[in-house]
Structure formats: C-alpha cells, structure tokens
Asker: 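Pasting a structure below so you can have a look.
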Number of protein chains: 2
Amino acid sequence: MLKYTLLGFLNYQPMTGYELKQRMDNSTTHFWHAKLSQIYVTLKALEEEGFVTSIVEAQNDRPDKRVFTITLRGQAELRQWLAQPETELSPKKETTILKLFFSAQLERETILAGLHLQRDLHRQQLAYYREVTSQMIRQARAEFPALTKDAQLWEATRRFGEEYEELYVRWLEETIQLIETKF
Amino acid sequence: MLKYTLLGFLNYQPMTGYELKQRMDNSTTHFWHAKLSQIYVTLKALEEEGFVTSIVEAQNDRPDKRVFTITLRGQAELRQWLAQPETELSPKKETTILKLFFSAQLERETILAGLHLQRDLHRQQLAYYREVTSQMIRQARAEFPALTKDAQLWEATRRFGEEYEELYVRWLEETIQLIETKF
DNA sequence: CGCACCATGTAATGCGTTACATGATTTT
DNA sequence: AAAATCATGTAACGCATTACATGGTGCG
C-alpha cells in the first residue's frame, strides 16, 4: 500500500524520498504513514518495477538528492488500484482499547492514568485537524485552483479524522466517568 | 502485542490455539486480530520465554489438542504491560480513506461504487456490534457474576466499536452526497 | 555550542500473511 | 456429496521498525 501512496504523491509532481516523507507526515499520516527507511526501500522497488524513474540532482549547499518521477506504467498502476473498490473492512489495531479490554484486575487509578493520557493526546490531535490540516487544505485550494476537486476529497478525509478524534475524546471522557463512578 | 492478547485470554482460563483464535474473532477482532498460523508461532515463543506452559490432551473423536496455561511469570508480564500507559496515538491504516485521498481524477461513478460498497460493509459491522457483541457480553455477565467488572470494560470497548461504525457510516453517506451533488 | 534540518541509504530483526500439509467428524 | 468445523503446525515471502552510518548548513 505504501507503494500506491508514493505513486499517488508522485502523480502530482516529481519528488525526493525525503520530500515524500514530509508530504505524508502532514497529510495522510492519520490514515497512512511510513518511516523514511521504508520509503527509500519501496522507491527502489518501484524503480525496479518500472513505475518510477530517478535522477540524482547535485546541490551546492545541501546534500545531493535523488528526484523520482512517475512513469506512464506507474500512472496506469496507480489508476488501476484506485479504481478497484475495497471489498473488506480495514483491519484495526488499537492498543489503548486492547489494554482496557483486559484491565479489570488493575487498580482504578492505574486505568484512569492511561485514559487521561490518551484523552490529552487525542485532544491535541483533534486541534491539529481543526487548525493545521484545515488551513493547509484551504491554502492549497487558493494557491492551485486546478486542484479544487482534489482539495474537496482531502477535506473529506480531514473531516473523517476530525470526527474520529471527536468521537475518541468523547468516548474517553465517558469511560473515565464510568470508571470514576461505577467501577 | 499479540503476545499480550494471548496472555490476556489465557489469564481467564487455559485454552488451545484454536480456541484463542475463536475468542479473538468474536471479541477483540475490531481492535486486535491475528491469523491462526501466527497465533501458533507466538504461543511457541511464549512457551520458550516461560510465560505459558502446554500439555497435549488426547481426544478420541477429535484431533489431539495442545492446551496452554499462563504461568506466574506470564501473569506478571501481562500485568506490567497493562499497567504501563500508552504514551502515543495508535497509528492507523485506513485503505478506503487513502484511496479517496488520491481519487480526484477518477470518474465519479467509480468513486461512488467504492463508497457504496464500504457503506454496506460498515452498516453490517454496526449491526453486529449492536446485536451480536452486545448479546455476548450480557450473557457472559449473567453466566459469570464474578466477571461484572470485566464485562463493564468489554462493554466500553464494544461501545467504541459501535460509535466508530456509526461515524463511519454517517461519514460515508455524507461523502457520497457530496460527490453526487458538488463534485 | 548544540540542535534541528536536509538527505540517503544498508542491515538486522520482528511481525504478519499466504500457501502448504494432514485428516477425522459433523452438518447441509 | 460437499462443505464446514475441529485441530496443529511449517515454510516462504513481504512489509515494517530500529539501529547504524555519514555529513554539511542554518538558527538560536
């Protein structure tokens, strides 16, 4: 899947591995993420498969960089993947929920400490979607009018993130309440 | 993490790998899942680490089975993990959202087909949490009064699942609406 | 002076999936 | 007669993380 994420970004413009990481970090990170090392490995594989090409650009002030460009075959591969509907639910792995599930024998205070910490993290994430992500999308739309359609979809995915975090925070508050009063 | 999921279940009672798979499939599957082959491999590793022991029980009508029991060291290991708060957000990987993010050049009908399919899947999952999971928890609580506290936490995690699916369905409906009218 | 940023990559290890292999009993 | 359930495991492969390795520029 990382493969397609990289093709998706390169379909807008040629980029380095480092830049791809940055793009992911401030856009798809809440539904798809990767480490730099894995990005470099995957780019290499994509090049071997003929879905991207690369050239090394020398820079004077900074380290040389390898710029990747999507090929026609790469575009076809991406389009084919995008058009194929997902026929299953994405498997989830939520460590916090898993821990709570098995925590009945723990002391009340220990459980609460974990939930408070998560509540704070999710509040921060919620604020991020509302302020930072939202602003970035508005800016992209203003700067590149050709991307209006794209921005509509980005905004839809951002809203999903926002609503997910709202739900998570609400659920954590209710669960904290439950454990404080009726547990 | 699978390691701890298995210890968590074995902390209730001794079980086989096959049984552990079944338990996971109808309780933690929406926040933690695994394939049978991986469960067997992990059980073997747990035994090597001394966190579980196993004995083979012969059966006449059915294949022999290997029953795993948690050790004192295993219980300590589990408790230590449970008590340790999660200091980060669980990384998410949502293929449907990822696809939508890059789908601007797709035909409207292609996007809609994918969203409709997912909406149906999430509606089914929602119904499952409301009907099946909910019923299983009520039954466990009725049958084993000693597990009242456990059942409270199970119910909290079930509610998370239910609310998550409600959100997902609502978001899919809104996004379908958006693409039908303003895209 | 130290930290963050830019920039790329390899190696070791771990975790997970898919495929393979077997085989009796029970249900449809 | 076919499919599902019970029951366990190995092997090959793929994807991801962590650690290692390098090194210049810009900013506070």
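Just the heavy atoms: all of them, side chains too, but no hydrogens, waters or symmetry mates, feed the values below. Protein chains get the first letters and strands the later ones, always in sequence-line order, with residue 1 at the start of each.
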Asker: List for me each residue that meets ring pair (Phe, Tyr, Trp, His ring centres under 6.0 Å) alongside A/W32, sequence neighbours excluded, and say none if there are none.
Answerer: none
Asker: Please set out all donor-acceptor pairs under 3.5 angstrom arising from side-chain atoms of residues 132-140 of chain A, sequence neighbours excluded.
Answerer:
| unit_1 | atom_1 | unit_2 | atom_2 | d |
| --- | --- | --- | --- | --- |
| A/S134 | OG | A/R138 | NH2 | 2.7 |
| A/Q135 | OE1 | A/R138 | NH1 | 2.9 |

Asker: Can you list, by chain and residue number, the hydrophobic cluster partners of A/V169 when the side-chain cut-off is 4.5 Å?
Answerer: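 None; A/V169 is a cluster of one.
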Asker: Which ones in residues 74-89 of chain B lie close to DNA chain C, meaning a heavy atom under 4.0 Å from one of its atoms?
Answerer: none
Asker: Listed by chain and number, what are the ring pair (Phe, Tyr, Trp, His ring centres under 6.0 Å) partners of A/F31, not counting sequence neighbours?
Answerer: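 Counting only residues at least two positions away or on another chain, A/F31 forms a ring pair (Phe, Tyr, Trp, His ring centres under 6.0 Å) with B/F101.
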Asker: Would you please name every residue forming a salt bridge (Lys or Arg N to Asp or Glu O under 4.0 Å) with B/E19, sequence neighbours left out?
Answerer: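 Applying salt bridge (Lys or Arg N to Asp or Glu O under 4.0 Å) to B/E19 gives none.
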Asker: Does B/L117 have any side chain to side chain contact (heavy atoms under 4.5 Å, CB included) partners at least two apart in sequence or in another chain, and if so, which?
Answerer: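 Listed in chain order: A/P85, A/T87, B/L121.
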Asker: Report, one line per pair, each donor and acceptor closer than 3.5 Å where one atom sits in a side chain of residues 2-15 of chain A; sequence neighbours left out.
Answerer:
| unit_1 | atom_1 | unit_2 | atom_2 | d |
| --- | --- | --- | --- | --- |
| A/K3 | NZ | A/E77 | OE2 | 3.2 |
| A/Y4 | OH | A/E77 | OE2 | 3.0 |
| A/T5 | OG1 | A/M1 | O | 3.1 |
| A/N11 | OD1 | A/Q75 | NE2 | 3.1 |
| A/Y12 | OH | A/D150 | OD2 | 2.6 |

Asker: Pairs in or reaching into residues 37-67 of chain A: which pass ring pair (Phe, Tyr, Trp, His ring centres under 6.0 Å), with residues at least two apart or in two chains?
Answerer: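 As it turns out, there is no ring pair (Phe, Tyr, Trp, His ring centres under 6.0 Å) pair with a partner in residues 37-67 of chain A once direct neighbours are skipped.
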Asker: Take nucleotides 3-16 of chain D nucleotide by nucleotide from the 5' end and write B, S or -, depending on whether a protein heavy atom sits under 4.0 Å from the base, only from the sugar-phosphate, or from neither.
Answerer: --SBBBBB----SB
Asker: Just how far, in rounded Å, is C1' of C/dT8 from CG of A/L6?
Answerer: 15 Å
Asker: How about A/K21: does its NZ atom have over 12 heavy atoms from other parts shown lying under 6.0 Å from it?
Answerer: yes
Asker: Between the two ends of the helix from C/dC1-D/dG28 to C/dT28-D/dA1, what is the bend in degrees, rounded to 10 degrees, where each end axis spans five pairs?
Answerer: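 For the helix from C/dC1-D/dG28 to C/dT28-D/dA1, the axes at opposite ends meet at about 50°.
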Asker: Restricting to side chain to side chain contact (heavy atoms under 4.5 Å, CB included), what partner residues turn up for A/T96, sequence neighbours left out?
Answerer: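 A/T96 satisfies side chain to side chain contact (heavy atoms under 4.5 Å, CB included) with A/Q118, A/Y168, B/E86 once adjacent residues are dropped.
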